[in-house]
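Data block below; observations after.
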Amino acid sequence: MEKTDLHRSLSVLPMGTVMKLTDLSARQIRYYEQQQLIFPKRNKGNQRLFSLNDVDKIIEIKNFLSNGMNIADIKHVYKKYQLQKKEKQHRYSKRLTDNETRRLLIDDILTAGGFKSKNPKDQSF
DNA sequence: CTTCTAACA
DNA sequence: TGTTAGTA
């Protein structure tokens, strides 16, 4: 991971901020965590602390859901994403960026699942 | 005042 | 998912 990703990985955002940034209820955000889709840190008071990467992922999950996918489908997406990222790095000397890998995987999943929307506004990538 | 967990007229 | 109770 590079230095430009450091600030995006810092968990410093409280629930209230994430609610506004994602336009989701605390209930929904906690549900994503309960489903092991996101892993926010906790402060000494047991309160959740999110990073900007968490926020991006939450919005992505939100879009996946509105595009017809269920929790299981989304878990598969991230599972494959992890595997594919390793494969690519080992198979080629060229190192793909996270965004490039995500783009390929997500586009593949949506196309194969028939979830691809014709409306660009419905997609977060 | 904000957030957390657990539970459901 | 919403909402509410009782905490921290």
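Chain A is the first sequence line, chain B the second, and so forth, proteins listed ahead of strands; every chain is numbered from 1. Because only heavy atoms are used, hydrogens play no part in the values below, and waters and symmetry mates are left out as well, while side chains stay in.
A/Tyr78 places a side-chain heavy atom less than 4.5 Å from the side chain of A/Glu60. For the pair A/Leu37/A/Tyr31, no side-chain contact is recorded, criterion being any heavy-atom separation below 4.5 Å from C-beta on. Taking the side chain as every heavy atom from C-beta outward, A/Phe50 and A/Val12 never approach each other to under 4.5 Å. With contacts defined as side-chain heavy-atom distances shorter than 4.5 Å, the pair A/Ser9/A/Asn53 qualifies.
A 4.0 Å heavy-atom criterion places the boundary nucleotides of DNA chain C facing chain A at C/dT1 to C/dT3, written 5' to 3'.
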Pair assignment for DNA chain B - dot-bracket with | for other-strand partners, Watson-Crick or G-U under 3.5 Å
.|.|||||.
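Judged as a side chain to side chain donor-acceptor pair (under 3.5 Å), and not counting sequence neighbours, A/Tyr32 has no contacts.
We find the CG-CE distance between A/Asn63 and A/Met69 to be 9.0 Å, quoted to the nearest 0.5 Å.
Screening residues 36-45 of chain A for salt bridge (Lys or Arg N to Asp or Glu O under 4.0 Å) gives A/Glu33-A/Arg42 as the qualifying pairs, with residues at least two apart or on separate chains.
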Scan the side chains in residues 17-26 of chain A for donor-acceptor partners under 3.5 Å anywhere in the protein, sequence neighbours excluded, and list what turns up.
| unit_1 | atom_1 | unit_2 | atom_2 | d |
| --- | --- | --- | --- | --- |
| A/Thr22 | OG1 | A/Val18 | O | 2.7 |
| A/Thr22 | OG1 | A/Leu24 | N | 3.4 |
| A/Ser25 | OG | A/Gln28 | N | 3.2 |
| A/Ser25 | OG | A/Gln28 | OE1 | 3.2 |

Once base and sugar-phosphate atoms are separated, protein heavy atoms under 4.0 Å mark nucleotides 3-9 of chain B, 5' to 3', with B, S and - as SBB-B--
Working note: A/Phe64 + A/Asp73, criterion side chain to side chain contact (heavy atoms under 4.5 Å, CB included); need CA distance, chi angles, decisive distance, verdict.
CA-CA 9 Å; A/Phe64 280 155; A/Asp73 292 329; over 6 Å; no
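Contact between A/Asp54 and A/Leu49 at its shortest, heavy atoms only, is OD2-O, 4.4 Å.
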